[in-house]
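Working notes, structure below.
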Amino acid sequence: MKNYRIGFSPIGVLAVYLIMLPNLLFLFVTPPINPLNHNEAGFWLWNLLENVGRFGMMITLCLIVNRMPMRKKSQLDFSALISLMIYFVLWGFYFSGITNGMMLTGMAVFPSIFFLLAAWKLRNPLAFSFAALFALTHIMITASNFLL
């Protein structure tokens, strides 16, 4: 961990901001149907773990900086961009009132992929660990609510 320091990661902040962008639309636009409003686990521990992963990931992406340069693999950037675009398209359907279990689960899968890829690109294993915890719990909770 000697290569890491507390600092400011513009790429980490951008990653968090991009994923939160559709959520900010809720300030101005209300979707016709809002099933995600009730997307919580039946057991409190899963919600706690999901939020530890969520906020731990956001904080560490923004404030933990690796002294080594970030990975420059274009496949990594392309994959992150594709997952982000799919996420935005799914939000478009959601705000149009078009929802189903597979789409709602996709809205948990694609931001999780994006965050994992962002943490990997930034060589931030702490953020990657929090992102993995978030991905596991967020996808599990969403799938159990809308697919099962």
Quick one: do [X] and [Y] end up in the same hydrophobic cluster if we chain Ile, Leu, Val, Met, Phe, Trp and Tyr together by side-chain heavy atoms under 4.5 Å apart?
X	Y	value
Y87	M103	yes
L136	L48	no
L63	L133	no
F93	F114	yes
M107	L148	no

Got more than 12 heavy atoms from elsewhere within 6.0 Å of [atom1], [X]?
X	atom1	result
F88	CZ	yes
L27	CG	yes
M102	CE	no

Output the distance between atom [atom1] ([X]) and atom [atom2] ([Y]), rounded to the nearest 0.5 Å.
X	Y	atom1	atom2	answer
L126	I64	CG	CD1	6.0 Å
Y4	M68	OH	CE	7.5 Å
C62	M58	SG	CE	8.5 Å
S96	I33	OG	CD1	10.5 Å
N39	L104	CG	CG	8.0 Å

Return each pair, listed once, that meets side chain to side chain donor-acceptor pair (under 3.5 Å) where at least one residue sits in residues 102-127; pairs must be two or more places apart or across chains.
-> D77-K121

List the atom of [X], the atom of [Y], and the distance in Å for their closest heavy-atom pair.
X	Y	answer
L122	S9	CD1-OG, 3.9 Å
A15	F115	O-CE2, 4.0 Å
P111	G106	CD-O, 4.0 Å
L147	G101	CD2-C, 3.5 Å
A80	S83	O-OG, 2.8 Å
L76	R71	CD2-CB, 4.1 Å

Could you tell me if the ring centre of W91 sits under 6.0 Å from that of Y94?
-> yes

Between F26 and F95, does the ring centroid distance fall short of 6.0 Å?
-> yes

Checking the side chain of [X] only, and the main-chain atoms of [Y] only, is there a donor and an acceptor separated by less than 3.5 Å?
X	Y	value
N145	E40	yes
T142	I139	no
N47	A41	yes

Is the shortest heavy-atom distance from the side chain of I82 to the side chain of F110 under 4.5 Å?
-> no

Using the side-chain contact (heavy atoms from CB on, under 4.5 Å) rule, take E50 and F134 through it: C-alpha gap first, then chi angles, then the decisive distance, then the call.
-> CA-CA 5 Å; E50 179 187 28; F134 172 72; 4.1 Å; yes

Verdict with supporting geometry, L14 and V16, side-chain contact (heavy atoms from CB on, under 4.5 Å) | CA-CA 5 Å; L14 180 63; V16 171; over 6 Å; no

Any chance you could lay out the side-chain contact (heavy atoms from CB on, under 4.5 Å) test for L116 and F128, step after step, and finish with the verdict?
-> CA-CA 6 Å; L116 287 165; F128 189 88; 3.7 Å; yes

Full working for side-chain contact (heavy atoms from CB on, under 4.5 Å) between F130 and V52 = CA-CA 8 Å; F130 280 120; V52 166; 4.1 Å; yes

